[in-house]
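What follows is a single structure, written as structure tokens, with notes after it.
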Protein chains: 2
Amino acid sequence: MMKDKKQSDEECLQDMRHIQDTLYVISGKWKLPIIMSINNGNNRFREIARSIPKITLRMLSKELKELEMNKLIVRTVSDGSSILITYELTAYSKTLAPLIEEMKNWGKNHKAVITERAAV
Amino acid sequence: MMKDKKQSDEECLQDMRHIQDTLYVISGKWKLPIIMSINNGNNRFREIARSIPKITLRMLSKELKELEMNKLIVRTVSDGSSILITYELTAYSKTLAPLIEEMKNWGKNHKAVITERAAV
DNA sequence: ATCACTGATATACTTTAGTATACTGATTGT
DNA sequence: ACAATCAGTATACTAAAGTATATCAGTGAT
């Protein structure tokens with residue numbers, strides 16, 4: 001009854017949902033730039049904003065919230081003489097590394113594939 | 001002069017471009033469903049359309065073109081008694097497999113991470 | 001007192017992605 | 001003759017993503 005050769009439709013659909021979820025978490029124009037910026041040592045709102053050319057405060061605010069909901073960053077409020085808010089990458093965010101590496105390599109190769117002149 | 005510890009900004013930007021390129025190739029609502037459908041043996045336009053609930057002919061047409069430009073599928077016109085058009089995955093499209101697998105696994109795990117109740 | 005900086009939010013707008021629906025011209029079937 | 005299927009395209013629309021710009025209250029410096 002061909003059980004292992006082909007997966008069931010339901011399994012296949014579920015796989016697709018997982019893939020689309022992953023895509024959703026990292027796509028959009030600013031998510032990766034924000035992650036990279038924080039990774040490069042920018043931890044405060046205005047600092048991150050300044051480090052990313054053309055981003056608007058509204059988008060930064062919106063994306064930071066989404067990244068926080070997805071547990072990729074943490075927002076910390078520390079109350080000294082004046083209030084201080086910092087954003088940091090979570091340990092969990094590091095689990096994205098292999099995926100990002102794979103995407104980087106695929107994209108690099110893809111550019112070559114697309115650019116290459118067809119041999120006669 | 002810390003040459004290998006930290007990458008240059010330019011390198012970093014280029015990496016990001018590659019990543020965004022990869023994202024662009026596979027994102028959108030229908031690209032993966034279309035790839036999966038062809039992979040499951042649907043090779044003709046109407047066949048693919050019927051296999052994907054809710055997709056419109058316009059989107060299918062548009063996405064097939066993009067997938068073809070990105071060399072993930074080939075469109076073949078064979079001229080028998082009547083004309084026959086088939087879509088097939090390219091060998092190159094298989095290079096996406098590790099990436100898709102990684103996204104599937106990350107997404108699956110992420111769902112668990114997000115859903116988990118915080119321990120007191 | 002005034003100015004600039006902090007971490008944002010609000011409102012209104014444009015652009016891009018996706019939907020809905022009708023239609024074409026050629027072929028095959030009844 | 002008529003309907004159905006093929007492989008799409010055209011036009012018009014809605015929804016989602018992103019931009020532009022102004023504003024807020026609190027702190028610190030001049």
Side-chain angles (χ1 to χ4, degrees), chain A residues 16-17 19-38 41-70 72-89, chain B residues 16-17 19-38 41-70 72-89:
Chain A
M16 199 126 67
R17 265 177 242 127
I19 297 166
Q20 310 266 33
D21 287 351
T22 299
L23 276 172
Y24 191 80
V25 170
I26 54 180
S27 57
K29 197 170 174 180
W30 304 111
K31 299 241 176 67
L32 290 171
I34 291 169
I35 290 173
M36 300 261 194
S37 172
I38 298 176
N42 302 110
N43 296 100
R44 304 183 55 185
F45 190 85
R46 293 278 168 177
E47 221 174 19
I48 300 168
R50 262 178 275 123
S51 75
I52 304 175
K54 306 260 177 183
I55 197 172
T56 60
L57 299 179
R58 184 181 188 275
M59 283 311 284
L60 180 55
S61 169
K62 195 171 152 288
E63 301 287 60
L64 283 171
K65 267 173 201 158
E66 276 191 53
L67 290 169
E68 201 191 354
M69 285 198 306
N70 281 312
L72 298 178
I73 63 174
V74 263
R75 180 180 184 273
T76 315
V77 185
S78 47
D79 218 12
S81 69
S82 91
I83 214 162
L84 175 68
I85 289 159
T86 50
Y87 292 93
E88 283 159 299
L89 295 183
Chain B
M16 199 126 66
R17 265 178 243 126
I19 297 166
Q20 309 267 33
D21 287 351
T22 299
L23 276 172
Y24 190 78
V25 170
I26 53 180
S27 57
K29 195 170 175 181
W30 304 110
K31 298 245 175 63
L32 290 172
I34 291 169
I35 290 172
M36 300 262 195
S37 172
I38 298 178
N42 302 110
N43 296 100
R44 304 184 56 185
F45 190 86
R46 293 279 168 175
E47 220 174 21
I48 300 167
R50 262 178 276 124
S51 76
I52 304 173
K54 305 262 177 183
I55 198 172
T56 61
L57 299 178
R58 183 181 188 275
M59 284 311 284
L60 180 54
S61 169
K62 194 169 153 288
E63 300 288 60
L64 283 171
K65 269 173 199 157
E66 275 191 53
L67 291 170
E68 200 191 355
M69 286 197 305
N70 281 311
L72 299 178
I73 63 174
V74 265
R75 179 180 184 272
T76 314
V77 185
S78 47
D79 217 13
S81 69
S82 91
I83 213 160
L84 176 68
I85 290 160
T86 50
Y87 293 94
E88 282 159 299
L89 295 183

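Here the structure is a predicted model, which is why all the values come from computation and not from measurement. Within every chain, numbering begins at 1; the chains are lettered A, B, ... in the order of the sequence lines, protein sequences first and strands thereafter.
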Please list, for nucleotides 21-30 of chain C, all pairs of protein and nucleotide N/O atoms separated by less than 3.5 Å.
none

All N/O contacts under 3.5 Å from nucleotides 2-4 of chain D to the protein, with atom names and distances to one decimal?
none

Using a cutoff of under 3.5 Å, can you pull out all pairs of nitrogen or oxygen atoms linking the protein to nucleotides 14-16 of chain D, with atom names and distances?
none

**OP:** Report the C-alpha distance between B:Glu66 and B:Val25 in whole Å, list the side-chain angles of each, state the deciding distance to 0.1 Å, and finish with yes or no for side-chain contact (heavy atoms from CB on, under 4.5 Å).
**Re:** CA-CA 8 Å; B:Glu66 275 191 53; B:Val25 170; over 6 Å; no
**OP:** Check the pair B:Tyr87, B:Asn42 against side-chain contact (heavy atoms from CB on, under 4.5 Å), reporting the backbone distance first and the verdict last.
**Re:** CA-CA 8 Å; B:Tyr87 293 94; B:Asn42 302 110; over 6 Å; no
Subject >> Criterion side-chain contact (heavy atoms from CB on, under 4.5 Å) on A:Ile55 and A:Lys29, from CA distance to verdict >> reply: CA-CA 9 Å; A:Ile55 197 172; A:Lys29 197 170 174 180; over 6 Å; no
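For the contact set between residues 28-36 of chain B and DNA chain D, defined by any heavy atom under 4.0 Å, there are no members.
One finds the CD1 atom of A:Ile34 at 5.0 Å from the CG atom of A:Leu64 (value rounded to the nearest 0.5 Å). Separation of atoms NZ (B:Lys31) and CG (B:Asn70) is listed at 7.5 Å; rounding is to 0.5 Å. The distance from the CD1 atom of B:Ile48 to the CG atom of B:Asn43 is 7.0 Å, given to the nearest 0.5 Å. Between B:Leu67 atom CG and B:Ile35 atom CD1 the span is 5.0 Å, to the nearest 0.5 Å. Atom CD1 in B:Ile85 sits 9.5 Å away from atom CG in B:Asp79 (nearest 0.5 Å). From B:Ile73, atom CD1 reaches atom CD of B:Glu63 across 10.0 Å, with rounding to the nearest 0.5 Å.
Remark: A:Arg44 is in phosphate contact with C:dG7, judged by side-chain N or O atoms under 4.0 Å from OP1 or OP2.
With B:Ser61 as reference, B:Lys65 is the one residue of B:Met59, B:Lys65, B:Arg58 to meet the side chain to side chain contact (heavy atoms under 4.5 Å, CB included) rule.
Rounded to an integer number of Å, the gap from A:Ile38 CD1 to C:dG7 P is 12 Å. One atom, CD1 of B:Ile48, and another, P of D:dC6, lie 12 Å apart when rounded to the nearest Å.
Over its length, the helix from C:dA1-D:dT30 to C:dT30-D:dA1 turns its helix axis by 10°, as judged from the five terminal pairs at each end, rounded to 10°.
Among all heavy-atom pairs drawn from A:Gln20 and B:Pro33, the shortest one is NE2-CD, 3.9 Å. When all heavy atoms of B:Thr76 and B:Glu88 are compared, the pair lying nearest together is OG1-OE1, 3.9 Å.
In this structure, the side-chain hydrogen bond (donor to acceptor under 3.5 Å, both in side chains) partners of A:Ser51, at least two apart in sequence or on a different chain, are A:Ser37.
For B:Ser61, the side-chain atoms get nearest to D:dG8 when compared with the rest of D:dC6, D:dG8, C:dT6.
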